[in-house]
Novice: 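Next up is a structure, given as structure tokens.
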Amino acid sequence: SAVISQKPSRDICQRGTSLTIQCQVDSQVTMMFWYRQQPGQSLTLIATANQGSEATYESGFVIDKFPISRPNLTFSTLTVSNMSPEDSSIYLCSVPPANNYGYTFGSGTRLTVV
Amino acid sequence: AQSVTQLGSHVSVSEGALVLLRCNYSSSVPPYLFWYVQYPNQGLQLLLKYTSAATLVKGINGFEAEFKKSETSFHLTKPSAHMSDAAEYFCAVSGKSGGYQKVTFGTGTKLQVIP
């Protein structure tokens, strides 16, 4: 299965600022997914990022708040913009299965907004 | 629409005892089903996956899960709990048709192992 390098692993940010999270995959993938895991809760899909096209956002998430880039088939970034304490969460990227195995996840970015 | 329900947000077992984490799913098409584990301060790791082959799926670390279509269940078990099994476990479902469909996660079950 694919290996994903996600950074930063954690950060503490001031409200009103922005943070960009990066995911690098060791193989080419058409689709990448970005999830949010709020404290004590399950994972919620933010958006699906296809290379060469606009990301598709889930209900409740908008591009102005969570802009996504997908410049090539191995890399993607998610920016959390104009942060507030409510954005404190773990953010994870994921790629779909190769060789009929499971979805692979990055190790996550633990974001705290103060 | 697809969904999963995990019964019990917290489960406590004694070391050496049976682990049983419950998951029921809903899907309009034959599903792919997954169990993931999340250790403290880490990302998700795939434990096992059901893809319509054998109904009893064996995963890593001694875990296994049985797909029961009649009960729409995919419960996770391990015969003997270890302290290192303490983590949060997520059941997830993905539709089989349409290629790479998005995955829907359950709310998670935190497993506590008591020495």
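Below, chains carry the letters A, B, ... as their sequence lines are ordered, and counting in each starts from 1. The model shown is predicted, which means the values in this text are computed figures rather than measured ones.
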Novice: Chain A contacts: which residues in residues 106-115 of chain B have a non-hydrogen atom closer than 4.5 Å to it?
Specialist: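 Within residues 106-115 of chain B, the residues that come under 4.5 Å of chain A (heavy atoms only) are G106(B), T107(B).
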
Novice: Counting C-beta onward and ignoring hydrogens, is there a side-chain heavy-atom pair between I68(A) and M32(A) closer than 4.5 Å?
Specialist: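 Heavy-atom side-chain distance check fails, nothing below 4.5 Å.
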
Novice: Just by distance, no angles: are the side chains of S3(B) and T104(B) close enough, under 3.5 Å, to form a donor-acceptor pair?
Specialist: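 Their side chains do not contain a donor-acceptor pair, so the 3.5 Å distance test is not met.
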
Novice: Regarding Q51(A) and T30(A), do their side chains bring together a donor and an acceptor under 3.5 Å, going by distance alone?
Specialist: no

Novice: Determine whether the aromatic ring centres of residues F105(A) and F105(B) are separated by less than 6.0 angstrom.
Specialist: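 Yes: the rings meet the under 6.0 Å criterion.
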
Novice: Is N24(B) reaching over with its side chain to a backbone N or O of T5(B), donor-acceptor style, under 3.5 angstrom?
Specialist: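 No: the side chain of N24(B) does not pair with the backbone of T5(B).
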
Novice: Is the gap between the ring centers of Y103(A) and Y32(B) under 6.0 Å?
Specialist: no

Novice: Side chain, backbone, both or neither: which part of L92(A) has a heavy atom under 4.5 Å from chain B?
Specialist: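 The side chain, not the backbone.
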
Novice: Checking E58(A) against chain B: side chain, backbone, both or neither under 4.5 Å from a heavy atom?
Specialist: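 The side chain, not the backbone.
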
Novice: Please output the residues of residues 10-18 of chain B in contact with chain A, using a heavy-atom cutoff of under 4.5 Å, in numerical order.
Specialist: none

Novice: If I measure from the heavy atoms of chain A, does Q45(B) come under 4.5 Å with its side chain, its backbone, both, or neither?
Specialist: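 Interface part for Q45(B): neither.
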
Novice: Any heavy-atom pair between the side chains of W35(B) and F63(B) that's under 4.5 Å?
Specialist: no

Novice: Just by distance, with hydrogens left out, do Q37(A) and Q38(B) show a side-chain donor and acceptor under 3.5 Å apart?
Specialist: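 Short answer, yes.
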
Novice: CD1 of I12(A): more than 12 outside heavy atoms within 6.0 angstrom?
Specialist: no

Novice: Hey, does the side chain of K78(B) reach the backbone of N61(B) with a donor-acceptor pair shorter than 3.5 angstrom?
Specialist: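 Answer holds: yes.
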
Novice: Would you mind reporting whether F34(B) and V4(B) have side-chain heavy atoms less than 4.5 Å apart?
Specialist: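 No, every pair of side-chain atoms sits at 4.5 Å or beyond.
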
